[in-house]
Each structure stands twice: as C-alpha cells, then as structure tokens.
Number of protein chains: 2
Amino acid sequence: MDNKEIEQKLESKNVKPTAMRTLVYKTLAETGKALSLADLEQRFEKVERSTIFRALKTFEENFIVHPVDDGSGSVKYAVCDDECTCNIHDLHVHFYCTRCGRTRCMKELPIPNIKLPEGYTYDNAQFIINGVCPRCD
Amino acid sequence: MDNKEIEQKLESKNVKPTAMRTLVYKTLAETGKALSLADLEQRFEKVERSTIFRALKTFEENFIVHPVDDGSGSVKYAVCDDECTCNIHDLHVHFYCTRCGRTRCMKELPIPNIKLPEGYTYDNAQFIINGVCPRCD
DNA sequence: TTAAACTTTGCAATAGTGTTGCACTAACTT
DNA sequence: AAGTTAGTGCAACACTATTGCAAAGTTTAA
Ligand SMILES: [Mn+2]
Ligand SMILES: [Mn+2]
Ligand SMILES: [Zn+2]
Ligand SMILES: [Zn+2]
C-alpha cells in the first residue's frame, strides 16, 4: 500500500494525512496485526509517544482503526475494513497467542449473537481467545 | 455467608484462611460483582494494596476467583463457582455497564463454542459485552 | 503575500495499575 | 521455647495512558 493510497484512505475518513499519521497507518496496515503504542514506538525510534497516541485516538474516533484489549496489559490497534463503523455488525473475534504475544483479527469469525436477559442493552463487545498460534505451535 | 463458611471454603481450596483473605473473599462474595484491586482497597481503607493484591493472586491460582478484564483499565475479580477449575467449560460472558462501570458475571451465558481455523489451539477466552445494565437504564 | 487562526507535534509532567524486595510479625513444628 | 515457614506492611519501581503547554507547521482570508 503506497503513500498515495493511504492518504486517500485517511482523507476519505475525514482525517488529514500528515506525515506521522501516514507512517502509523502504513505500519499497522503492513504488519496486518494489532499493535500497541509501545510496539509502534519502538518500530520508529524517533517519533514521540504522544504523537503516536494522538494519531491512534484520531484514527479510532474516525473508524480507521479499532482497539483490541487482549489482556496483555496494553491496548492494541488494528486497521478496520473499509466500510467498518465499529458497531455490532463489524465485531469479530481476536486471537491472542500466549507464546509470542501476537494478536490477530479473526475477521472470518464474527462475534456470535448472544441473547441478553431482559433489561440489558448491547452496544459493543470484545471476544478474545487465548491460545497458541500456528507459528508458535 | 459467615466467616466459618468462608474459612471452610478457602481451606477446601488449600488456602489458609487468614483474617485478610477472609475479609477479601467476604467482600467479593457479598457484593456479588467483579471488583478491582482499587475497588477493594477503598472498601476497607486501612488494608495494604499489596496484601489485597497477593490475596487475589493466591485466590486466582487456586480457582477461588477468576479475573475479568473488562477494558475499564483495571482487572476485576469475581468469585468462582464451587466446582470451577477456570477451564473452557467454566467460562461465561461478562457484562460491563458503560454507565455505572459495574461488571457482572453472566453465569447463565456460557461462552459459545467457536471453531478456530486449523493450527490454532484454544486455552482460554474472555467475552465481554458492553452496554447499559437494568439499574442504569 | 502576509498576518491571523487553527492544527499538529514534541516535551515534560502526571495519574493509575500492577508488581516486587525487604524487614517485621504471626503461625506452625519439633 | 527455639527454629522454620508463611503472611503482612511499606516503600520503591516499571509501565501504560494521558494531558498542558509552547514551538512549528499549515490553512485562510485580507
Ligand atoms: Mn480486529
Ligand atoms: Mn465471571
Ligand atoms: Zn504465537
Ligand atoms: Zn449500570
């Protein structure tokens, strides 16, 4: 995915494509995994934590990435599909490998529909499966 | 649940029932909700964070409580059922109310069985539903 | 084209959670 | 009772997340 495409992508979501944002997005898109702030920070050494943090927040607010709290202690972020609005219909299972610490979107596994007891409303959900991934097995 | 019962309960799980442990267990059992270290800390003012922390870890190792990471920023703990061994068969959905911040075990909702792609193994899972609870609605 | 207005970035500070070493005390063993 | 083991309190620390503020960059509009 080249920079032009990324810039168009960000613009289509009403986010101005600055150099930093393009870099952060590119990294997330290319690794194809969910990455934490710390993961990103160490991939490009000289960029400020807070700048990356703010890029991620901006992306999150505009449905460019979605957060994954895999229980590892830091929230990770993964790129959303084009039409994603981060609502119930876009939710999918995430897999956390307890050996390598990698977290993967299982887009092929939508979160199953659960019938809640009377009186509860359902806005959002996280379904994390912990186990060992094929690479580590 | 009186202290005698709690002491027997802890002993049956091979944990020596000290005063602090009994207090922590009692609080978790009586509130019937998942509570964080900070929640517990402020319920009894003069007990050390680290003591509660260690009580919870001991409980967790001995299947007396299970952790719930509801994405609120701090892990919460809830009492296990008697026969629980915290394996796949004991897993259930947790509900996090985004209004009041309360987290509840939905023991009546077991985590649905998911068929993972080839090569993945399944050890454990967390399924958190976010929404509004009946009390806050 | 230049000044004002607005946005983004870097840096430093801060809050909160989780965790550990160490010394002290309580409990248990012989 | 003396020795050994387990539990507690305190202080320190690591790490994640978050924010205020000033400097730098970008956009707008005169
Ligand atoms: Mn995902
Ligand atoms: Mn539970
Ligand atoms: Zn792995
Ligand atoms: Zn509520």
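Values below: all heavy atoms of this structure, side chains included; hydrogens, waters and symmetry mates excluded. Note on naming: letters A, B, ... go to the chains in the order of the sequence lines (proteins, then strands), and numbering restarts at 1 for each one.
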*Asks:* If we ignore angles and hydrogens, is there a donor and acceptor under 3.5 Å between the side chains of A/Asp90 and A/Thr85?
*Replies:*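 There is such a pair between these side chains.
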*Asks:* Between D/dA17 and A/Arg49, is there an OP1 or OP2 to side-chain N/O distance shorter than 4.0 Å?
*Replies:*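 So the side-chain polar atoms of A/Arg49 never come under 4.0 Å of the phosphate oxygens OP1 or OP2 of D/dA17.
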*Asks:* Write down the distance between CD1 (A/Ile52) and P (D/dT18), rounded to a whole number of angstrom.
*Replies:*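 The distance from CD1 of A/Ile52 to P of D/dT18 comes to 14 Å, rounded to the nearest Å.
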*Asks:* Should B/Asp82 and B/Lys9 count as an ion pair when the cut-off is N to O under 4.0 Å?
*Replies:*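 The answer is yes: the pair qualifies as a salt bridge.
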*Asks:* Can you check the B/Lys46 NZ to D/dT8 C1' distance for me, whole Å?
*Replies:*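 That distance rounds to 15 Å.
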*Asks:* How many whole angstroms separate atom CG of B/Asp39 from atom P of C/dG18?
*Replies:*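 Distance check: B/Asp39 CG to C/dG18 P gives 10 Å.
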*Asks:* OP1 or OP2 of C/dT9 versus the side-chain N and O atoms of A/Thr18: is any pair under 4.0 Å?
*Replies:*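 For C/dT9, OP1/OP2 do have a side-chain N/O of A/Thr18 under 4.0 Å.
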*Asks:* To the nearest angstrom, how far is A/Asn14 atom CG from C/dT7 atom P?
*Replies:*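 Going from A/Asn14 (CG) to C/dT7 (P), I get 14 Å.
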*Asks:* Base of D/dC15, side chain of A/Ser74 - is there a donor-acceptor contact under 3.5 Å?
*Replies:*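 A donor-acceptor contact between them is absent.
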*Asks:* Check whether any side-chain nitrogen or oxygen of B/Ser50 sits under 4.0 Å from OP1 or OP2 of D/dG9, and answer yes or no.
*Replies:*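 False: B/Ser50 side-chain N/O out of range (4.0 Å or more) of D/dG9 OP1/OP2.
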*Asks:* Return the value, rounded to whole Å, for the distance between atom CD of B/Glu48 and atom P of C/dG21.
*Replies:*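 Roughly 16 Å, once rounded to whole Å.
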*Asks:* Give the rounded distance in Å between these two atoms: CG of B/Leu40 and P of C/dG18.
*Replies:*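 From B/Leu40 CG to C/dG18 P: 11 Å.
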*Asks:* Would you say C/dC28 has OP1 or OP2 under 4.0 Å from some side-chain N or O of B/Lys16?
*Replies:*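 Negative; the distance criterion is not met.
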*Asks:* Please give, in whole Å, the distance from D/dT16 P to A/Leu37 CG?
*Replies:*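 Nearest whole value for this atom pair: 8 Å.
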*Asks:* Does the gap between the ring centers of B/Phe95 and A/Tyr120 come in under 6.0 Å?
*Replies:*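 Yes, ring centres under 6.0 Å apart.
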*Asks:* What distance do B/Lys13 atom NZ and B/Cys80 atom SG have between them, rounded to the nearest 0.5 Å?
*Replies:*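 One gets 6.5 Å once the value is rounded to the nearest 0.5 Å.
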*Asks:* Roughly how many Å is it from CD in A/Glu60 to P in D/dA17, rounded to a whole number?
*Replies:*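 In whole Å, D/dA17 P and A/Glu60 CD are 11 Å from each other.
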*Asks:* If you take atom types as modelled and just measure distance, does the side chain of B/Arg54 reach the base of C/dG18 with a donor-acceptor pair under 3.5 Å?
*Replies:*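 Check fails, no donor-acceptor contact within cut-off.
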*Asks:* Run the salt-bridge test on A/Lys76 and A/Asp70 with the 4.0 Å N-O cut-off and return the result as yes or no.
*Replies:*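 Salt bridge flag = yes for A/Asp70 with A/Lys76.
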*Asks:* Within the structure shown, what part of the strands sits under 4.0 Å from B/Lys57 by heavy-atom distance: base, sugar-phosphate, or nothing?
*Replies:*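 Sugar-phosphate, no base atom in range.
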